[in-house]
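To start, the structure under review is shown below, and the notes come after it.
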Amino acid sequence: MICKNLTISTEGHLLFAGQDVASLLREYGSPLYLFDEDRIRENCRTYYNAMKEAFGEKALPLYASKAASFKEIYRIVNSEQLGIDVVSCGEIYTAKAAGFDLSKTYFHSNNKTDEDIAFAIENGIGYFVADNEEELYAVDRIAAEKGICQKILLRLTPGIDTHTYEAINTGKVDSKFGSAIETGQAEAITKLALKLPHLQLMGFHCHVGSQVFDSDTFFRSAEIMLNFMAEMAKKHHYIAEELDLGGGYGVRYTESDPTIDIAANIHQVADCVKTKCAALGLPLPAIRLEPGRSIVADAGLTLYTVGTIKQIPGYKNYVSVDGGMTDNPRFALYNAPYTVVAAEKMNEETDFHCSVVGRCCESGDIIQENVALPSTIKRGDVLAVLTTGAYNFSMASNYNRIPRLPVVMLKEGTARLVVKRETLDDLIRNDI
Ligand SMILES: *Cc1c(COP(=O)(O)O)cnc(C)c1O
C-alpha cells in the first residue's frame with residue numbers, strides 16, 4: 001500500500017493504524033474522516049530531528065496548519081515542539097483555543113486586513129511573514145498603536161518554477177505572493193522594513209510550491225535567498241538571523257508517486273546551505289521549513305458509503321458516494337489524484353472501471369476518475385479514499401447545505417472523536 005500505516009487483514013479488510021476502517025464507519029457514521037495520531041507524530045519527529053541534526057539547535061520546523069486545522073492537531077503539534085504557520089484569524093483563534101504557544105507562530109497571507117493585524121498583535125503572534133510594502137506600513141502603524149515592536153520575516157519570490165501544477169506554483173516572479181528579488185522589489189521592502197521603527201526584521205522567507213519531490217528545488221531557492229542575504233549584508237549592513245525555506249515536500253497519493261526520504265533530503269539541503277554560507281561569509285541562519293501536507297496527508301483517510309451505481313453502456317460507469325466536493329474539493333479544483341479502494345473487498349480483483357462521484361448538484365463533483373473497483377461493488381459498500389489528511393477537512397464546505405464530516409483520531413488501537421459531525425441545526429445557526 002502507499003503508506004505503511006495501511007494494511008490488509010486476512011479477510012480482506014482495510015486496516016488503518018491497525019484498525020478496521022469499515023467497523024469505525026459503522027460506529028461513527030458515514031461519511032467520516034479518520035486520522036492516525038501516531039503517524040502525525042512520526043512525521044513531526046522526522047522534521048524536528050532531521051532539522052536539529054542538520055542545521056543545529058536554532059532550526060525549527062513549522063507546521064503549515066492550513067493543511068488541516070482543528071484543535072487536536074494543534075495540541076499534537078505543540079506537544080511535538082514544532083512551530084506553526086497560520087493564515088487567518090480563524091487559524092490563530094483555533095490554535096490559541098488549543099493552548100498553542102503563539103510566540104512560535106508565523107502569520108502568512110498576501111492580504112492581511114487591519115483587523116487581522118490588530119487581532120494577531122493582541123494575541124501575541126510571534127512573527128508576521130510580510131508580503132508587500134503596504135503590509136509593512138500597516139503592521140508598523142498598528143504595532144506603534146499597541147506599543148510594541150513586531151518581529152517580521154519578508155516573503156520573497158526567488159523566481160523558481162517547480163514544474164508542478166500551475167495553481168500551486170508560488171515561487172515565480174509573477175506570483176500573487178511575495179516580492180520578487182529579480183525586479184528589485186525585494187531589496188526595496190528590505191530597506192523599508194529596516195527603516196520602520198516598530199518592525200524588527202528577523203530575516204527572509206520563500207515558498208516555491210507544493211508536491212515537490214526533488215531536493216534540487218530547495219537547493220536552488222536556498223542559493224538564491226543566500227545570495228540575496230549576502231547582498232543585503234554588503235549593501236545595507238543587515239545580517240538576517242532567520243531563513244525560512246517554506247514547505248512543499250511531496251506525498252504519495254498514488255502508487256506512481258515517488259517515495260521521498262525527508263530526513264536525507266534535509267541533510268542534503270543543509271550541506272548545500274552550509275557550503276554556500278561559508279562561501280559568502282555569512283553566519284548560518286536559523287532555518288525554518290514549513291511542511292503542511294507531508295505532516296498530515298498520509299495520516300488521514302476518508303470513508304464513504306456507496307449509493308447509486310450507474311452504468312452507461314458503451315460510455316462509462318459511475319459509483320456515487322454520500323460525500324463529494326464538499327469534503328474533498330481537490331479533484332474539482334485541480335484534478336488532484338487519489339487512490340480509492342473498497343474497504344472490505346481488498347482481496348478481490350479490481351476490474352470494474354468507473355468514476356467515483358459525489359452527491360452534489362454539480363457535474364464537476366468528482367472524487368476521482370478512472371478508478372478500478374471490484375465488480376461486486378454495490379450499494380452499502382464502504383469506499384476509502386487514501387491520503388486525504390491534507391487540504392480535505394480544511395477545504396470542506398457546506399455547498400448544498402451538506403453538514404461537514406466529523407474527525408476520528410486513532411491512537412494505539414483506540415479511537416476518539418476530535419471533531420463532531422455538523423448537525424442540521426449547525427447549518428442554520430447564523431441564519432436570521
Ligand atoms: C501552503 C504553504 C505551505 C505548505 O505547503 P505544503 O505543500 O502543504 O507542504 C508552506 N508555506 C506556505 C507559505 C504556504 O502557503
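Just so we're clear, the structure is a prediction, and the values are computed from it rather than from any experiment. When reading the values below, keep in mind they use all heavy atoms of this one structure, side chains included, and skip hydrogens, waters and symmetry mates. In this chain, residues are counted from 1 in sequence order. Just so you know, ligand 1 is whichever comes first in the structure, and atom 1 is the first atom listed for that ligand.
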Check whether any side-chain N or O of Asp131 sits under 3.5 Å from a backbone N or O of Arg155 as a donor-acceptor pair, and report yes or no. no
Starting from the N and O atoms of ligand 1, find every protein N or O within less than 3.5 Å and list the pair with its distance.
from, atom 1, to, atom 2, distance (Å)
ligand 1, 7 (O), Ser210, OG, 2.5
ligand 1, 7 (O), Arg293, NE, 3.2
ligand 1, 8 (O), Arg293, N, 2.8
ligand 1, 8 (O), Tyr391, OH, 2.6
ligand 1, 9 (O), Gly248, N, 2.9
ligand 1, 9 (O), Gly292, N, 2.9
ligand 1, 11 (N), Glu290, OE1, 2.7
ligand 1, 15 (O), Lys66, NZ, 2.6

Quick check: does any side chain N or O of Glu231 sit under 3.5 Å from a backbone N or O of Asn227, one acting as donor and the other as acceptor? no
Give me the ring orientation class for Phe100 and Tyr74: parallel if the planes are under 30° apart, tilted from 30 to 60°, perpendicular past 60°. perpendicular
Consider only side-chain N and O atoms of His108 and Glu290, and report whether a donor and an acceptor are under 3.5 Å apart. yes
Test of understanding: with side chain to side chain contact (heavy atoms under 4.5 Å, CB included), list the residues that count as partners of Pro283, not counting sequence neighbours. Ile239
Thr339 and Thr254: CA distance, side-chain angles, deciding distance, side-chain hydrogen bond (donor to acceptor under 3.5 Å, both in side chains) verdict: CA-CA 6 Å; Thr339 302; Thr254 66; 5.4 Å; no
